[in-house]
Peer 1: 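Before anything else, here's the structure in question.
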Protein chains: 2
Amino acid sequence: MGAQLGDKPAQTPTPTLEMVAALSGVSRATVSRVVNGSLTVTPDIVEAVNRAIAELNYVPNRAARMLASRRTQAIALIVPESSAKVFADPFFAQLVQGVALHLADTEYTLTMLIESETNSEKTRRYLLGGNVDGALVVSHHTGDHSYARLSGSLPIVYGGRPLLPDDGETLYIDVDNSGGAMAATEHLIGLGRTRIATIAGPVDMPPGVDRLLGWRRAMEERGLDDSLVEQGDFTLASGAEAMRRLLERDPRIDAVFAANDQMAAGAYQAIAEAGRRVPDDVAVVGFDDNYFAETATPQLTTVHQPSVEMGAAMAALLVQVIEGKPYEPHSVLQTTLVRRASA
Amino acid sequence: MGAQLGDKPAQTPTPTLEMVAALSGVSRATVSRVVNGSLTVTPDIVEAVNRAIAELNYVPNRAARMLASRRTQAIALIVPESSAKVFADPFFAQLVQGVALHLADTEYTLTMLIESETNSEKTRRYLLGGNVDGALVVSHHTGDHSYARLSGSLPIVYGGRPLLPDDGETLYIDVDNSGGAMAATEHLIGLGRTRIATIAGPVDMPPGVDRLLGWRRAMEERGLDDSLVEQGDFTLASGAEAMRRLLERDPRIDAVFAANDQMAAGAYQAIAEAGRRVPDDVAVVGFDDNYFAETATPQLTTVHQPSVEMGAAMAALLVQVIEGKPYEPHSVLQTTLVRRASA
DNA sequence: ATGAAAGCGCTAACAG
DNA sequence: CTGTTAGCGCTTTCAT
C-alpha cells in the first residue's frame, strides 16, 4: 500500500505563445490576435498560426491572460454553508447543474465557494481580489442578499428574489412561487375540496411568503375559508407537526397544500397517524417536485420548480451583465403543476 | 423592468503590493514575504506591513501570483455529463459538498468542470493549460478512469476504485462496498431469513461487482444458496423488474439485498404487486442510505455510504499529493448498516 | 494588417 | 533579514 510522493516525470516544457510565434514566423502579437479571434488577421497567417498551435499542442496560460487583460473568465458560485448542509437538497444540486451546464458552453469557468462564518472574510477577499468577473449566490429559501455591498464592484446574480423590496437593480432570477401555489390550490378546489389547509414556510423566506400568498389568493377568489394555516420550516418533521396541529384544529380538513415536498411528506405521516388516507380523505399537493414527490406513496402531486433552468438563467444573466450586453435585471420562471396520485 | 447595463461606478484603484510597500516603507519583496507568511521577517516590519495592508484593504491578485509562482491553488472537479444528469443523485451532491467543505478550510479553490462529448477537448486543455494543480473525478458507479493519460502531468484523485485492476498508483478513495454488502446480508441472516436473494448492479461497475461479492461471501459462509441473483442498472424501474423475476423464480424468497436504495424502492413495488409485505414476508436491505431510504414506506434498512466524507477524503488526498507530502494512494472508507423498518 | 515595446502584479533567486 | 533584479506568459497601445 504505502507509496510515497510520486516522482514527477520529466515535463515537456509547456508551449508558450512565443514558441508558436517562432514556429509560425510571426510576432507574438499576431499569435495573440489569432488566438483571440481577431478579425483583422490575414487568412493565410491565421491558418499558419493555427497549424503551429496544433503542432505544439499549445494551450494559452489562463493566469497570464487574466493578468494582462484584467478579465478572469471566471464566475463564482457562492453557497452559504447553512445551505451547503442542505446541499442534500435536490434543488441545489439541480441549480448547480444548470449553472455548470450553461457555463460549459461558454468560455467561463465556475468556482465554487462555500461561505461559512469562519471564512466569510476569505470569500469577500476572493471576490474583491479580482479573481472572478461576477458571482452567483444561491440562498434558496432565505432571501438574504447581503452581498449587496459587493455589487458595486462586482455583478452578482441571486437565485430567488430578495427578502426586502429591492432597489430595482438587484439582479435575480426567481420562480413564480405565488402563481404555482395558486395553481396548486385551484387544482384542489377543482377536485371539489373545500376545507383546504396549508402548511406554510417561514415568513422570513420569500418562497414561504409567496407560496402562502398564492394559496390565500386562490382561497379568497373562491370565497373559501383561508384561516387553516400552520407554519413549518421546510423540513419533513415540521411538516408532520404542522399537519397534526391542523388536523387538531379541524379534523374535517379534506385537502392541504404544503409549501414544499418535504413538508408534504411530513403531512403524509400525520395524516396516516390520524387514520386518514391520501388522497381519499385528504388530498395533498406539494411544491418543488423533487425525490420526495416521486418516491412518496402515493406519489405526490406537486408544483414543479424549474431548478435546472433557474441555474442556467442565472448564469446567462450574469454573463450578459459581465459582457456589457443589455439585460433584464430580474425575471420569474414559470412553475407547472405535476399531477400524480395525491390530489 | 427594462434597465440596461449598469453604469460602472468609478472604481477605487485596486491596491497593489507595490502600494503597500510604499506605504509601509519597505520593498515589494518584503511585502510579498509578509503576505506569504515567511518566517524570516522582523516582527516590527511584519506589523507595519500588515497595518498598511489593512489600511489599503489590499488583496493579492491571484492571477499575478499564479503567473509568478506557477502554482494555481486551484483544484478541478470533473463531473462527466452523464453523471451530471444524475446530479440529482444525492450521492454526488453530498460528495461535492464534502469536497467543497474540506477545501473551504484550505487555500485551494474549486473549479467545476462538466465534461460532455462536445467539450471534452476543452476540459483536457483546461487541465493541461496549467489552470489547476490537480483534479478530482467523480464517476460514481462507472469505474472509468480514462483520465489516466493525464495523470502523468497532473495528479488526479478518483472517487471509487478503478474498474480494471490498476497499476497501484492510481489515486482513489473508495467505500467498502463488499464489506457493507456482507454486513447487510449477515443482518438478514441474523433475522432468521434463509432464502435471501440479491438485486445486483451492472457487472461493469465496481460497486455492482463488489456488492454482489459481499452478498455472495456472506451467503457462502453460512452455506446458503447463492443462486438467487438478478441484475438491475441501479434505477428504480430495473429494481422492480429484477424483483419480479426473482419472485417468479422462487416465490418463497424471504429477504432481498438490493445493491442500492433506488432498486430497493423498486423491489418494494414488485413485492407489493405480488401481494406480499415488507418486512413481514420479505425483508429488504438497500445500499447508499439516501432519500429513498428515509422516505420509503416502510423506511428502508440500508448500508450507509459516507459520501460527504468521501468527498473530503478525496480533496485531502489530492492536496496531500499536490503539496508533496506523503500519502496513501488509495483508501477505503467504512460503511455502516442503518437499521430501519424494512429488515 | 502586423510588429515593437511596455507592462499586468507578483514571486524568486541572488546579493548584500 | 531585506532589497535588487528579473522575469512568469500574455495583451495592448502605438507605430509602421
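Everything numeric here is computed off the predicted structure, so don't read it as measured data.
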Peer 1: Among V157(A), T106(A), V132(A), V319(A), find the residue that satisfies the side chain to side chain contact (heavy atoms under 4.5 Å, CB included) test when tested with I75(A).
Peer 2: V319(A)
Peer 1: Quick one, which residues of residues 57-70 of chain B touch DNA chain D with a heavy atom under 4.0 Å?
Peer 2: L67(B), A68(B), R70(B)
Peer 1: Listed by chain and number, what are the side chain to side chain contact (heavy atoms under 4.5 Å, CB included) partners of A52(B), not counting sequence neighbours?
Peer 2: V20(B), L23(B), S24(B)
Peer 1: 5' to 3' on DNA chain D, which nucleotides open and close the contacts with chain B (atom under 4.0 Å from a heavy atom)?
Peer 2: dC1(D) to dG9(D)
Peer 1: Starting from the first five and the last five pairs of the helix from dA1(C)-dT16(D) to dG16(C)-dC1(D), work out the angle between the resulting helix axes, to 10 degrees.
Peer 2: 30°
Peer 1: Looking at residues at least two apart in the chain, or sitting in another chain, which of them share a side chain to side chain donor-acceptor pair (under 3.5 Å) with S27(B)?
Peer 2: T30(B)
Peer 1: How would you list, by chain and number, every residue that makes a side chain to side chain donor-acceptor pair (under 3.5 Å) with D133(A), sequence neighbours excluded?
Peer 2: T72(A)
Peer 1: Examine distances only and state if a side-chain atom of H330(B) and a backbone atom of T170(B) form a donor-acceptor pair shorter than 3.5 Å.
Peer 2: yes
Peer 1: Can you sort out which residues in residues 28-36 of chain A have a heavy atom within less than 4.0 Å of DNA chain D? Ascending by number, please.
Peer 2: R28(A), A29(A), S32(A), R33(A), N36(A)
Peer 1: When you compare the side chain of L113(A) with that of L127(A), does any pair of heavy atoms fall below 4.5 Å?
Peer 2: yes
Peer 1: Heavy atoms, side chains only, cut-off 4.5 Å: are I78(A) and I156(A) in contact?
Peer 2: no
Peer 1: Out of curiosity, T14(A) OG1 to Y58(A) OH, how far, rounded to the nearest 0.5 Å?
Peer 2: 11.0 Å
Peer 1: Using a heavy-atom cut-off of 4.0 Å to chain A, what are the terminal contacting nucleotides of DNA chain C, in 5' to 3' order?
Peer 2: dA1(C) to dG9(C)
Peer 1: I'd like to check M112(B) versus V99(A) (side-chain heavy atoms, cut-off strictly below 4.5 Å). Are they in contact?
Peer 2: no
Peer 1: Indicate every side-chain donor-acceptor pair of residues 34-46 of chain A with a distance under 3.5 Å to a residue at least two apart or in another chain.
Peer 2:
unit_1 : atom_1 : unit_2 : atom_2 : d
N36(A) : OD1    : R65(A) : NH2    : 3.0
N36(A) : ND2    : S32(A) : O      : 2.7
N36(A) : ND2    : S32(A) : OG     : 3.4
S38(A) : OG     : T40(A) : N      : 3.3
S38(A) : OG     : T40(A) : OG1    : 3.2

Peer 1: Taking the side chain as everything from C-beta on, heavy atoms only, tell me whether P60(A) gets closer than 4.5 Å to L17(A).
Peer 2: no
Peer 1: Sequence neighbours left out, what pairs pass salt bridge (charged side-chain N to carboxylate O under 4.0 Å, His left out) with at least one residue falling in residues 49-59 of chain A?
Peer 2: E47(A)-R51(A)
Peer 1: Looking at CZ of R62(B) and CG of N131(A), how far apart are the two atoms once the value is rounded to the nearest 0.5 Å?
Peer 2: 5.5 Å
Peer 1: Quick one: side chain to side chain donor-acceptor pair (under 3.5 Å) partners of S307(B), sequence neighbours excluded?
Peer 2: Q94(B)
Peer 1: Can you list everything that forms a salt bridge (charged side-chain N to carboxylate O under 4.0 Å, His left out) with E323(A)? Sequence neighbours excluded, please.
Peer 2: K325(A)
